[in-house]
Colleague: 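Please find one structure pasted underneath; my questions will follow.
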Amino acid sequence: ETHHRLQEVETARNLHLKNSTKSDSLDLLVPSRIFGNCKKNQMSKQTYRVCFCFQRRFRLAVSEAPEDIKKLFEQYSENGIMTIDGLQRFLVEVQKEDKATREDAQKIIDSVKHFHRKGVNLEAFFKYLFGDINPPLASLGVHHDMSAPLSHYFIYTGHNSYLTGNQLSSECSDVPIINALKRGVRVIELDIWPNSTKDDVDVLHGGTLTTPVELIKCLRSIKEYAFVASDYPVVITLEDHLTPNLQAKVAEMVTQTFGEILFSPGPECFKEFPCPESLKRRIIISTKPPKEYLEAKEVKDKEDDSQRGKASDEEAWGNEVPDLKGSHVANYKNDLDEEDEEDTDDGDRSQHSLAPEYKHLIGILAGKPKGGLDAWLGVDPDKVTRLSMSEQKFEKAVVTHGKQIVRFTRRNVLRVYPKSTRFDSSNYNPLIGWMHGVQMVAFNMQGHGRSLWLMHGMFKANGGCGYVKKPDFLLTSKEVFDLKIKLPVKTTLKVTVYMGEGWYYDFHHTHFDAYSPPDFYARVGIAGVPADSVMKKTKILEDNWLPSWNEVFEFPLTVPELALLRIEVHEYDMSEKDDFGGQTCLPISELRSGIRAVPLYSRKGEKYNSVKLLMRFEFI
């Protein structure tokens, strides 16, 4: 019986090999009906079904230290063991951890649970390098100076924070608000409207098919989750479409919900913003003093019908981050601004319908003076304000008023939000705001894609507290920062992409390809000022769950303070679009030199359990 079975196997194997165009990648092929009950060693071989009764098996490589790692181990070890002293020298000389002690080295040895108490062998050394105890960012907690005015910080800011999906027909809910706060977002935007019976207040995107959520529900969720991720203040920006009696009702809701944690501004707060440190665990209300009740307008009356069909759902990756190297000016004849009509200050008339209880809640005043950009961006030495501008209008403004914007944002707060034609809740390149000093680069946090990944990356800095101190050149230098001037290279980041692992554990074995293991490649680059922004890619490695690229890239940086390291892994697909294999963005300002284990994240910004890359970072 065994003889007959082996004959069947050989016949089947020869038949498949005869018809196979990829026989060099086959280890063993057998009909599943013959050995269907046999145990397979998942860690050494992996089987893919071909047709109905045949299978292809691929050898699974074992994770092995790259040659560079082996050489470094030899350099710092004796007789196959790296001692405490050798590991300490490695931490200081290679990892650039100047203050590393013998105790630090001992902790690493203890963490890898190696039987050599006084040192590590190559396997344990590799385990440390590729482990969670060796992250790419320094674990410094909140370390920026938090005693400067709010205008001195980039602030993690949401747009239409209550929407669960697109801007036209998705549900309004407190769930995306909760999710944003858990991630560390510090500015929540609520559009408040009278409910259907005009006796209560709802949150919704006016003039659309979005379903409303009660304001009180949103406020209660904000109170519960505001300080889960960070102790630093949460700002609620209100886009107000209420009658005076409902404004008074909102004032009562806000006061009763937040109680003592609600920030009550004194007159000095309108001359200079208070600092984040003094506002810990406080809620701040920011809105304009409303001039009158504004009836809802149909979106179709405000928006350019010719653009309606152009926005589509983002693909798995989202669109590539827009290039800022050329002119920012596009087509502005239909510049649509959801706030511009409402933000103009009409003097005394704006106060006639204002509920006094409501006015006293406002901790950050918003609004625009009469006139154009020159009037909006004027700096009043006795007054600070928050100005809002659409992405489209801002891109136009930076071309003609770039220096004025930088000067304005030294004392005042500027908020830039996505243009109204982003129906799919996509986002723009946040760097255009940050490099002009914009504090509140407002994003649709419920979406995904490359622009949002940059936002996540920026606010990994400063302990993830949601406030990142702006570079000094945007705050105090005598010369106003001007992107039109060619700047010298300050430093060069050298990046080595060694290898990756973890997809085998976090994905089904046919997720990337039904017939073979994945073909991975990595993209590595910089998001920053135009002169620094670039993306490069490794070679494609076929049929390998453990890609080992061992490639080196160099990135000259003129403004490293604003630069983010972009990392993506793709799975090459000849016939379709490449599959998503993970991503992360890391602030260069907090990147640790040396060999590091870099965890990757999903499209939604959720960390994978196992997927990570082994990389080396050197500043030269």
Colleague: Under the side-chain contact (heavy atoms from CB on, under 4.5 Å) rule, what do Leu454 and Arg566 come out as? Steps first, then yes or no, please.
Modeller: CA-CA 8 Å; Leu454 298 185; Arg566 294 176 55 193; 3.8 Å; yes
Colleague: Check the side chains of Arg411 and Ser151 for a donor-acceptor pair under 3.5 angstrom, ignoring hydrogens and angles.
Modeller: no
Colleague: Does some side-chain heavy atom of Tyr358 sit less than 4.5 Å from a side-chain heavy atom of Leu246?
Modeller: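 They are not in side-chain contact.
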Colleague: Can you check whether Asn444's main-chain N or O pairs, donor with acceptor, with Asn427's side chain at less than 3.5 Å?
Modeller: yes
Colleague: Can a donor-acceptor pair be found, under 3.5 Å and without considering hydrogens, that links the side chain of Ser425 to the backbone of Gly165?
Modeller: yes
Colleague: Do Phe443 and Tyr428 have ring centroids that are under 6.0 Å from one another?
Modeller: yes
Colleague: To the nearest 0.5 angstrom, please state how far the CG atom of Leu361 sits from the CG atom of Leu238.
Modeller: 8.5 Å
Colleague: For Arg523, which residues count as a salt bridge (charged side-chain N to carboxylate O under 4.0 Å, His left out) partner, sequence neighbours excluded?
Modeller: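 Applying salt bridge (charged side-chain N to carboxylate O under 4.0 Å, His left out) to Arg523 gives Glu320, Glu568.
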Colleague: Between the main-chain N or O of Val559 and the side-chain N or O of Asp532, is there a donor-acceptor pair closer than 3.5 Å?
Modeller: yes
Colleague: Take atom NZ in Lys217; do more than 12 heavy atoms of anything else shown fall under 6.0 Å from it?
Modeller: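 Counting other residues, nucleotides and ligands, NZ of Lys217 stays at 12 neighbours or fewer.
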Colleague: I would like to know whether Leu564 and Trp434 meet side-chain contact (heavy atoms from CB on, under 4.5 Å); could you show each step before the answer?
Modeller: CA-CA 12 Å; Leu564 297 166; Trp434 293 331; 4.2 Å; yes
Colleague: Step through the shown structure and confirm whether more than 12 heavy atoms of other residues, nucleotides or ligands are within 6.0 Å of CD on Glu357.
Modeller: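 For Glu357, atom CD is crowded (more than 12 foreign heavy atoms under 6.0 Å).
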Colleague: Heavy-atom distance under 4.5 Å between the side chains of Ile155 and Val235, does that happen here?
Modeller: no
Colleague: Donor-acceptor pair, Thr409 side chain versus Val406 backbone, under 3.5 Å?
Modeller: yes
Colleague: More than 12 non-hydrogen atoms from neighbouring residues, nucleotides or ligands closer than 6.0 Å to CD on Glu590, yes or no?
Modeller: yes
Colleague: Checking Tyr467 side chain against Val142 main chain: does a donor-acceptor pair fall under 3.5 Å?
Modeller: no
Colleague: Does any N or O in the side chain of Lys469 come within less than 3.5 Å of the main-chain N or O of Asp145, such that one atom is a donor and the other an acceptor?
Modeller: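 Pair absent, no side-chain N/O of Lys469 close to backbone of Asp145.
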Colleague: Given side chains that start at C-beta, do those of Leu279 and Phe273 come closer than 4.5 Å, heavy atoms only?
Modeller: no
Colleague: Taking atom types as modelled, is there a side-chain donor on Tyr153 or Asn462 under 3.5 Å from an acceptor on the other?
Modeller: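 On atom types as modelled, these side chains do not qualify, holding no pair under 3.5 Å.
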Colleague: Considering only NZ, NE, NH1 and NH2 on the basic side and carboxylate oxygens on the acidic side, decide whether Asp231 and Arg281 come within less than 4.0 Å.
Modeller: yes
Colleague: How far does SG of Cys585 sit from CD1 of Ile567, to the nearest 0.5 angstrom?
Modeller: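 Taking SG in Cys585 and CD1 in Ile567, the distance rounds to 8.0 Å.
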Colleague: Give me the atom names and distance for the closest heavy-atom approach of Leu242 to Val250.
Modeller: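 Closest approach of Leu242 to Val250, heavy atoms only: CD1-CG2, 3.4 Å.
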Colleague: For the residue pair Asp174 / Ser221, report whether a side-chain donor-acceptor contact shorter than 3.5 Å exists.
Modeller: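 Yes, a side-chain donor-acceptor pair sits under 3.5 Å.
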Colleague: Mind checking the NZ-CG spacing from Lys470 to Leu475? Nearest 0.5 Å is all I need.
Modeller: 5.5 Å
Colleague: Any non-hydrogen side-chain atom of Val524 less than 4.5 Å from a side-chain atom of Phe555?
Modeller: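 Answer yes - side chains close enough.
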Colleague: The criterion is salt bridge (charged side-chain N to carboxylate O under 4.0 Å, His left out); which residues satisfy it with Arg220, sequence neighbours excluded?
Modeller: none
Colleague: Indicate whether the side chain of Asp200 and that of Thr197 have a donor and an acceptor atom separated by less than 3.5 Å.
Modeller: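 The criterion, which ignores hydrogens and geometry beyond distance, is not satisfied for Thr197 and Asp200.
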Colleague: If you compare all heavy atoms of Pro418 against all heavy atoms of His159, which two are closest, and at what distance to 0.1 Å?
Modeller: CD-CG, 3.6 Å
Colleague: Assess, by modelled atom type and distance only, whether the side chains of Asn412 and Thr385 contain a donor and an acceptor separated by less than 3.5 Å.
Modeller: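 Per modelled atom types, Asn412 and Thr385 side chains form no pair under 3.5 Å.
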Colleague: Does Ser602 have any side-chain hydrogen bond (donor to acceptor under 3.5 Å, both in side chains) partners at least two apart in sequence or in another chain, and if so, which?
Modeller: none
Colleague: For the backbone of Ala226 and the side chain of Arg186, can you confirm whether one donor and one acceptor N or O come within less than 3.5 Å of each other?
Modeller: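 Yes, Arg186 side chain to Ala226 backbone: donor-acceptor pair under 3.5 Å.
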Colleague: How close do Phe394 and Met389 get, counting heavy atoms only, and between which atoms?
Modeller: CA-SD, 3.6 Å
Colleague: Are Met435 and Pro530 close enough that some pair of their side-chain heavy atoms sits under 4.5 Å apart?
Modeller: yes
Colleague: Side chain of Thr157, backbone of Ala442: donor and acceptor closer than 3.5 Å?
Modeller: no
Colleague: Is Val529 close to Leu487 at the side-chain level, that is, under 4.5 Å between some pair of heavy atoms?
Modeller: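 In short, these two side chains do not touch, never coming nearer than 4.5 Å.
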Colleague: For Tyr156 and His456, take the angle between the two ring planes, folded into 0 to 90°, and tell me which bin it lands in: parallel under 30, tilted 30 to 60, perpendicular over 60.
Modeller: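 If you compare the ring of Tyr156 with that of His456, the planes turn out perpendicular.
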Colleague: Looking at residues at least two apart in the chain, or sitting in another chain, which of them share a salt bridge (charged side-chain N to carboxylate O under 4.0 Å, His left out) with Glu277?
Modeller: Lys280
Colleague: Can you name the side-chain hydrogen bond (donor to acceptor under 3.5 Å, both in side chains) partners of His401, sequence neighbours left out?
Modeller: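 Partners of His401 under the side-chain hydrogen bond (donor to acceptor under 3.5 Å, both in side chains) test: Asp374.
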Colleague: Any side-chain donor paired with an acceptor under 3.5 Å for Asp191 and Tyr162?
Modeller: yes
Colleague: Just say parallel, tilted or perpendicular for the rings of His241 and Trp193, cut-offs at 30° and 60°.
Modeller: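 Taking Trp193 first and then His241, their aromatic rings lie parallel (interplane angle under 30°).
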Colleague: Quick one, Leu215 with Met253, criterion side-chain contact (heavy atoms from CB on, under 4.5 Å). Give me CA distance, side-chain angles, the key distance, then yes/no.
Modeller: CA-CA 9 Å; Leu215 172 62; Met253 279 188 207; 3.8 Å; yes
Colleague: Any donor and acceptor pair, going by atom type alone, linking the side chain of Asp380 with main-chain N or O of Asp382 inside 3.5 Å?
Modeller: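 Between the backbone of Asp382 and the side chain of Asp380 there is a qualifying donor-acceptor contact (under 3.5 Å).
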Colleague: Where the side chain of Ser161 meets the backbone of Glu189, is there a donor-acceptor pair that is under 3.5 Å apart?
Modeller: yes
Colleague: Output, in order, the C-alpha distance, side-chain angles, deciding distance and verdict of side-chain contact (heavy atoms from CB on, under 4.5 Å) for Leu387 and Leu377.
Modeller: CA-CA 9 Å; Leu387 176 69; Leu377 298 171; 4.0 Å; yes
Colleague: With the side chain counted from C-beta on, respond yes when Thr208 and Ser169 share a heavy-atom pair under 4.5 Å apart, and no when they do not.
Modeller: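 Thr208 does not reach Ser169 side chain to side chain.
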Colleague: Under 4.5 Å between any side-chain heavy atoms of Val228 and Ile178, yes or no?
Modeller: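 Side chain of Val228 against side chain of Ile178, heavy atoms only: no contact under 4.5 Å found.
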Colleague: Grab the two heavy atoms, one from Gly605 and one from Arg183, that are nearest each other, plus how far apart they are.
Modeller: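 Taking every non-hydrogen atom into account, O-NH2, 3.5 Å.
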Colleague: Quick check: closest heavy atoms across His436 and Gly402, and the distance to 0.1 Å?
Modeller: CD2-O, 3.9 Å
Colleague: Within this structure, what is the CZ-OG distance for the pair Arg415 and Ser390, rounded to the nearest 0.5 Å?
Modeller: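 One gets 10.5 Å once the value is rounded to the nearest 0.5 Å.
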Colleague: Return the minimal non-hydrogen interatomic distance between Phe580 and Trp453, and the atom names on each side.
Modeller: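 Taking Phe580 first and Trp453 second, the nearest heavy atoms are CE1-CH2, 3.6 Å.
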Colleague: State the CZ-CD distance between Arg422 and Gln392, to the nearest 0.5 angstrom.
Modeller: 9.5 Å
Colleague: What residue among Val416, Ile432, Val398 forms side-chain contact (heavy atoms from CB on, under 4.5 Å) with Val438?
Modeller: Val416
Colleague: Calculate, to the nearest 0.5 Å, the distance between atoms CE and CD1 belonging to Met445 and Ile188 respectively.
Modeller: 8.0 Å
Colleague: List in chain and number order the residues that pass side-chain hydrogen bond (donor to acceptor under 3.5 Å, both in side chains) with Gln439, two or more places apart in sequence or in another chain; answer none if no residue qualifies.
Modeller: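 Residues passing side-chain hydrogen bond (donor to acceptor under 3.5 Å, both in side chains) with Gln439: none at all.
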